[in-house]
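A short worksheet on the structure shown next.
Every number for a ligand or one of its atoms is a count from 1 in the order of the listing.
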Amino acid sequence: MCSPKSDERRLFLALWPENRERRQLAELAATAAGRRRVPDANLHLTLVFLGATPADRLTAYAAALADLSVPRLELLLDRYGHWSRSRILWLGSSHTPPELYELVADLHRRLRGCGFAPERRTFQAHITLARKFPGPAPAQPPATPIRWPVEDVALVESLRDRTGSRYQVLRRWPGG
Ligand code: ATP
Ligand code: MG
């Protein structure tokens, strides 16, 4: 793997669960995936993957997101899925609110103004519960779906250490 240039940081925009939702997500991950689950502290929903980002680009992104407004929305996480190629077990919604897609489109519009080229893959709202998961997904949906009221978008840095990836929230919009 190429080592990143010294001023580049690996970044993404995400919905970042508060403690209550994180606890509930962690419980589902433990039930559905056992030992293979993503560490509790890493559970999140990626909105836009920014990748390796130089400092000046980060400044431009922050300016473009400064007046971001996040529509009132609530995610109802009520279904599991499994992607066999990437061996990912995920949690998602059978009715992802249109406002979430609009939020992602708004983020793309703002970032495009800074030269960011969004991925061509369509956005699929999901929370990765486990990696290297052979599948299949649990046959039954979660007994108690999780309600996640969304309030803001987090800018998160992905850091690597000996144990794998860990994440650090750098900023949130709208800011409090
Ligand atoms: P690791 O790569 O160590 O297995 P990870 O995938 O969680 O862990 P990152 O690769 O830094 O860590 O990814 C951070 C977030 O961005 C994750 O939600 C990941 O699924 C998502 N992501 C990573 N690469 C891409 C990509 N090319 N396109 C879309 N989303 C991505
Ligand atoms: Mg990765």
Side-chain angles (χ1 to χ4, degrees), residues 1-18 21-26 28-30 32-55 57-58 61-62 64-65 68 70 73 75 77 79-93 96 100-112 114-135 137 146 148 150-173:
M1 200 171 82
C2 298
S3 45
K5 295 200 199 108
S6 58
D7 76 330
E8 286 186 345
R9 302 162 84 175
R10 188 174 171 89
L11 303 175
F12 58 102
L13 297 172
L15 301 182
W16 200 252
E18 300 297 339
E21 286 77 28
R22 184 173 298 286
R23 259 198 314 276
Q24 294 173 334
L25 291 168
L28 283 193
R35 280 189 306 113
R36 288 177 199 266
R37 70 188 184 272
V38 165
D40 297 355
N42 283 9
L43 292 161
H44 67 277
L45 190 155
T46 296
L47 297 172
V48 182
F49 180 68
L50 300 168
T53 309
R57 172 78 51 124
L58 173 54
Y61 289 167
L65 296 172
L68 180 76
V70 172
L73 68 99
L75 291 178
L77 301 164
R79 63 169 295 216
Y80 296 113
H82 180 254
W83 290 321
S84 49
R85 267 182 63 188
S86 50
R87 297 204 294 160
I88 282 178
L89 174 71
W90 52 268
L91 180 70
S93 175
T96 303
L100 188 65
Y101 295 103
E102 286 157 23
L103 174 61
V104 171
D106 185 21
L107 293 171
H108 283 174
R109 271 193 301 276
R110 287 165 182 268
L111 297 168
R112 213 176 276 127
C114 310
F116 174 75
E119 272 209 285
R120 280 203 246 154
R121 271 190 285 174
T122 346
F123 169 68
Q124 284 180 287
H126 71 281
I127 295 156
T128 297
L129 297 182
R131 295 169 191 280
K132 298 184 184 156
F133 190 81
I146 297 176
W148 181 0
V150 169
E151 286 169 7
D152 55 15
V153 169
L155 171 68
V156 187
E157 180 166 10
S158 173
L159 301 157
R160 295 246 156 90
D161 60 24
R162 278 173 294 113
T163 59
S165 288
R166 69 185 172 83
Y167 307 128
Q168 190 169 8
V169 173
L170 303 178
R171 309 262 310 249
R172 287 174 178 244
W173 294 280

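The structure places CG of Leu91 at 10.0 Å from OG1 of Thr128, a figure rounded to the nearest 0.5 Å. One distance of note links CG of Leu13 with NE2 of His108; it measures 8.5 Å at 0.5 Å rounding. For the atom pair Tyr101 OH and Thr96 OG1, the distance stands at 4.0 Å (nearest 0.5 Å).
Using cut-offs of 30° and 60° on the angle between ring planes, the pair Trp16 and Tyr167 is perpendicular. Taking the six-membered ring where tryptophan is involved, the planes of His44 and Phe12 are tilted, since the angle between them lies from 30° to 60°.
Residues meeting the side-chain contact (heavy atoms from CB on, under 4.5 Å) test with Pro39, sequence neighbours left out: Asn42.
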Between the protein and ligand 1, which nitrogen or oxygen pairs come in under 3.5 Å, and how far apart is each?
from     : atom 1 : to     : atom 2 : distance (Å)
ligand 1 : 2 (O)  : Arg160 : NH2    : 3.0
ligand 1 : 3 (O)  : Arg160 : NE     : 3.4
ligand 1 : 3 (O)  : Ser165 : OG     : 2.6
ligand 1 : 6 (O)  : Arg131 : NH2    : 3.3
ligand 1 : 7 (O)  : Arg131 : NH2    : 2.7
ligand 1 : 7 (O)  : Tyr167 : OH     : 2.1
ligand 1 : 8 (O)  : Ser165 : OG     : 3.2
ligand 1 : 10 (O) : Arg10  : NH2    : 2.7
ligand 1 : 11 (O) : Arg10  : NE     : 2.7
ligand 1 : 11 (O) : Ser158 : OG     : 2.6
ligand 1 : 12 (O) : Tyr167 : OH     : 3.4
ligand 1 : 18 (O) : His44  : NE2    : 2.6
ligand 1 : 18 (O) : Thr46  : OG1    : 2.6
ligand 1 : 28 (N) : Glu119 : OE1    : 2.9
ligand 1 : 28 (N) : Glu119 : OE2    : 3.4
ligand 1 : 28 (N) : Arg121 : NH2    : 3.3

